*Asks:* 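Sending over a structure as C-alpha cells; questions will come in a sec.
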Amino acid sequence: MTPVSRKLYTDDVSLLVVLIDTNPYFWSTNNSGLPYSKFLSHLVAFLNSILLLNQLNQVVGIATGVNSCGYIYDSSLAPPNKRAETLLQKLEEFVIKDEELSAEDSVDGIKSSLLSGSLSMALCYIQRVLRSGSLHPQPRILCLHGSPDGPGQYVAVMNSIFSAQRSMLPIDSCVIGAQHSAFLQQASHITGGIYSKPQQLDGLFQYLSTLFATDLHSRSFIQLHKSVGVDFRASCFCHKSTIDMGYICSVCLSIFCKPHKKCSTCGSTFGQPQATVSPTNLKRKAPDS
Amino acid sequence: MSERQVIKRAKYKSSIKDPGTPGVLTMKRERFVFMPSDPRSLMKLNVEFRFIIGHKFSKEAPNKKALLNLTQDKGESYIFEFDSFPDRDACRDFVAMAIAPPANAGKASSDKPSVPPSSEQLSTAEMDRRIKLLQVDSELQKLHKEFVMGGVLTEAEFWATRKKSLDEKISSKSKQRVGLKSDMIFNVKPSSDGQSNRVKYSLTPEIIHQIFAEKPAVRRAYLNLVPKKMTETDFWMKYWRAEYLHSTKNIVAAAAEAAEDEELAVFLKQDDILASEARRKIRRVDPTLDMEADEGDDYTHLPDHGLSRDVSKDLTDSQYDLYKRSFLQDLNRHAAVVLEGRSVDVELGDTRSVAEALTRLKEVESANEASNTHVEQGRSDLISRMAELEDLQGPRDHPVAPLSIKDPRDYFDSQQANAIKTLGESQSGSKHKKSILNAHEAYGSLRKSISEIKDLGLTDPIIKSEVAMKVFSELTLRISNTKYHHGKDPHESILDGLPNATKEEILHQWTSIQELLKHFWSSYPITTTYLHIKVNKVKDAMSKIYQKLQEIKSSVRQDFRHPVSLLVQPMTQALDAAFAHYEVDFQKRSTKSVERPNGFV
Ligand SMILES: [Zn+2]
Ligand SMILES: [Zn+2]
C-alpha cells in the first residue's frame, strides 16, 4: 500500500464510476425514443470524452442487472484503442450471465434493477483506487438509471448513500426512465451530486457532456442545473399519510401516527413510561420474535 | 406569597437631601403604612400599592445609604432609608411582588394553589447576574423589553427558560486553585559579587516545596538528616553546593567531591526514587503502543533545543554515569510536577511538614497502585486481544439482538412517496401497463441491441443538431429558472438579498416567535388557572406578531415579496400550529366544564 503522503493529489483528475442500468425488462418495454443500442452509443461517446478531458482520468463501468451486478469496463485495464469493443464484449458476457441467474421465466411488470448492489461495488472500487496506486483522483459516481425503484432495497441503498456521503463522494443521477427515481433524488441530494431527468432522450449525449462531464473542481465555478428541493416529509407506516409529528420506534426508526404496543416493522415491544420501569423488564426493547 | 407582611425600621424622606423622619414601615398585601417614632410628627403615610407604579433602589455598597424609592402614578415619590441593605432588600422584593401585575386578576380566591413562579425571593446577586446577561446580549434585551415590560411574560417566566445561561455565569466564577509556578529551579541563579569566590542562592518556601516535589531523594535526605545530623542551613548549603558543581558541568570534579562527602553525593547522584518510579511507570505503558507512529514527532535530534545546559561531553567512562543528569529529564520531571499541581495542603513555611506531607502522598499513591491488581489483569487481556489474529478467532457472541426488519418497503413508502409527489409528476406507476414479460425475450432483445451496435458501430452523428439545440435551450432555461428559485441552496441566503431594515425586522420577529412559542408549548397541559392566563397572554402576543408579519409582507417592494413570503411562511406555519392547538384545547376544556355540572363524569 502506498503511504498517503506520497500520493499525487490533483484537482483535475477524475475517477468516474458509471452505473449502467442493464435491466432487460426495462429496456424491452421502453418506448421513450431511446433504444438500448442508441443509449450505448451515447454512453460510449460520453465515456470517450471523459477520457479525452484528461489523460489521467479513469472511467469504470458497472452494469446494474436484475439478478447481479458486474464490472464491465475499466479504462486503466482496457487497451486504449479498443475501448468500445472491450466494453460491449464484457457487457454481452454480463447479460448472458445475468440471464442464467434468472429463476422465473416471466415477471409481472418491470422488475427493479439492483441499484444497491452496483452502488456498493462502486464504493468499494473507489476505496480501492484511493488506497492504492500513486494517484489520488477526484472520485464520483454517475447512475444512468431507468428502472423503477425497488422499495425492498431501501435499507441497502440508504446505507450506500450514507457511506458515499461519509467519504464525500457525490452521486450524480441521470434518470432515463419514465418516472422520477426517489432513491436517486435522495442520493444526489444527500451527497451533493447532480440529479437530472432529461426530456429529450435522443439528445442524451448532450445532457451527459453538459451536466455530468464537469469535474468536481470545476463545478464550483459553473452554474449547473440545481434540482428543485425535495420534500422529505415522512408519512406514517400504518396509514401512509404525511405527518408532522409522530411516534418513532427507537430500534428500527419506523414512524407511526399513533402510539403502538409493539412495532409492526421490527417486532420490538414498547415499554411503559420510565416511571414504571423495573429492573426486570429492562430488556423490553429486545425483539421478541 | 411567602410573607404576609414586612415590618422594618426606616426613615421617611420627602427628598433625597431631607435627613428623614425615623419610624416604622409596615408593608402589607395591598398597602404600606409608615408610622413616625415621634407620635407628634405629621409624616404618617398610608398608601395603597395600586397607586405605586415603580420602584428604584440604591446600589449596595459599604458607604452608601440603603434607599428605596417608590414612585406614585401621579409622579410623586416616597423615599425610605433603611438601617441595613438586607432590610431594604426585603422591602424592595415585597414591593416588587405587590406591584407586579396580579397573575390571577379578577379572581379573588387567594387560596388557590395556582402560584406563579414569581414568588421566589431574588437575591441581589441573582439580579445582578440577570442585568449583566441583558447588558451583553442585546437580542435578549430586546426580547426582555418587549415581553416582560410589555406584560406578556413575568420576569420569572422569562428567566425560567434561561436558568442554564444564568448558571453558567455562576460556575465560571468558581475559584481556581493556584498551581505551582512553571519556572524551573535552575532559574534560581546564584548571585555573585564578582570579587570573592562566594556565590549566593536565595531560598523561599515556594522553592523548597518545588525541590521536594521534584526531587524525592532530596526530600528523603532532608527527613533523614535534619535535624539529627546537620542543621537546616547546612543541609541547604550542601544542596546548593551540589547544584553549583552541577552547573559547572565538570562531572569529574563533581564525582571527586562526591566520593569524599557521602551527603553531598546524594544531591549529585541521580535520584534513585525517581528512577524506580520511572521504571514502574514504564511497566504501566500500554504494551501495544506503536512508538513508530510518533516517529515524525521525534525531536531528540535537536541538541537540547539550543540550550547548552546538558553535560554532553563525551564521558564514556561508566563510573561517571551516576552523575550525569540530562536537561530533558529535568524538564520532564518539572513538567510532571507542575501538571500534578499543588497536591499538599500544608502551610509552606514549615519545611519539615511539607516534606512529610509529600512523602505521605507518595506512599498513598504507590499503595493504591499496588492494590490495583486488576490493572495487571487488564494489561494482559489487552495484549492477548491486540495480538490475536482475527481470522483465527471463532465468532464472538455479541450481546446485541439482530435487527429484524420485516419489510424494508415500508421505509421507502414512508419517505420517498412524498419526494416523488413534489416533482409534480402524477404517479405514473398507476397507469403503468401490467405487461407480462418473458425473461427470455427480454434478455434476447437486450443481446440483440448489443450485437447491433457491435456490428454497426456508433451512430454518426451521435445527435442531430436540432436535438442538440433543443437540449441546449432546455438546460439553459432550467438554469435561469433555478437562479430565481431561492432558498434551496444553503450557500446563498435569501436574507442577504433583502434590505437591511427588512432583514433585521424579520430576524427579530423570528426570535420573538421562538420565545413565545417556547412559553406557549411549555404551558401545556393546562393544569392551573395561572397557566391558563399565561397561555392567553402569550396567544394574544402571538396574534399581534402574526399581524406584523402580514404587514411586513405587504410593505416590501414587489420584487422582494416572494423571498419574504418564503421566509415568513415557516413562521406563520409555526404560529398556525400553536393557534390550532389552542382552539382544540379550548374546545375540549369548555365541553368538559359543561359536562361536569350535569354529572356525566
Ligand atoms: Zn398512521
Ligand atoms: Zn421497530
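Numbered from 1 within each chain, the chains take letters A, B, ... in sequence-line order. Every value quoted in this text rests on a predicted model; they were computed, and no experiment measured them.
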*Asks:* Give the ring-plane orientation class for Y154(A) versus F412(B), where under 30° counts as parallel, over 60° as perpendicular and anything between as tilted.
*Replies:*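 The rings of Y154(A) and F412(B) stand perpendicular, inter-plane angle above 60°.
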
*Asks:* So Y36(A) and F39(A), would you call those rings parallel, tilted or perpendicular, with 30° and 60° as cut-offs?
*Replies:*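 It falls in the parallel class, under 30°.
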
*Asks:* Is E85(A) in contact with chain B via its backbone, its side chain, both, or neither, using a 4.5 Å heavy-atom distance?
*Replies:*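 Answer is neither: E85(A) stays 4.5 Å or more from chain B.
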
*Asks:* Report the option among Q153(A), K38(A), Q89(A) that has the most heavy-atom pairs separated by less than 4.5 Å from atoms of chain B.
*Replies:*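 Among the listed options, the one with the most contacts to chain B is Q89(A).
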
*Asks:* Considering only heavy atoms from C-beta outward, does the side chain of W510(B) approach that of Q514(B) to under 4.5 Å?
*Replies:*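 A side-chain contact under 4.5 Å exists here.
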
*Asks:* Check each atom of S264(A) against the heavy atoms of chain B and say whether the ones under 4.5 Å are side chain, backbone, both or neither.
*Replies:*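 S264(A) touches chain B through backbone heavy atoms alone.
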
*Asks:* When heavy-atom pairs shorter than 4.5 Å are enumerated against chain B, which of L91(A), T210(A), D98(A) gives the highest number?
*Replies:*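 The answer is D98(A).
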
*Asks:* Measure I255(A) against the heavy atoms of chain B and call it side chain, backbone, both or neither at under 4.5 Å.
*Replies:*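 Side chain only.
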
*Asks:* Which distance, rounded to the nearest 0.5 Å, do you find between the NE2 of H145(A) and the CG of L184(A)?
*Replies:*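 One gets 6.0 Å once the value is rounded to the nearest 0.5 Å.
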
*Asks:* Could you look at T265(A) and say if it's the side chain, the backbone, both or neither that has a heavy atom under 4.5 Å from chain B?
*Replies:*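 Both parts, heavy atoms under 4.5 Å.
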
*Asks:* Looking at L456(B), V471(B), L458(B), which one has more heavy-atom pairs under 4.5 Å with chain A than the rest?
*Replies:*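 Top count of heavy-atom pairs under 4.5 Å with chain A: V471(B).
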
*Asks:* Would you please indicate yes or no on a ring centroid separation below 6.0 angstrom for F256(A) and Y247(A)?
*Replies:*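 So the answer is no for these two rings.
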
*Asks:* With chain B as the partner, which of L40(A), V155(A), L204(A) has the greatest number of non-hydrogen pairs under 4.5 Å?
*Replies:*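 Winner by heavy-atom pair count: L40(A).
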
*Asks:* Counting heavy-atom pairs under 4.5 Å to chain B, which of Q200(A), Q199(A), E99(A) comes out on top?
*Replies:*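 Top count of heavy-atom pairs under 4.5 Å with chain B: E99(A).
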
*Asks:* Evaluate the ring-ring contact (aromatic ring centres under 6.0 Å, His included) criterion for residues F212(A) and F46(A): first the C-alpha distance (whole Å), next the side-chain angles of each, then the deciding distance (0.1 Å), finally the verdict.
*Replies:* CA-CA 9 Å; F212(A) 300 105; F46(A) 171 67; 7.5 Å; no

*Asks:* Would you call R219(A) and D172(A) a salt bridge, taking side-chain N to carboxylate O under 4.0 Å as the test?
*Replies:*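 Salt bridge: yes.
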
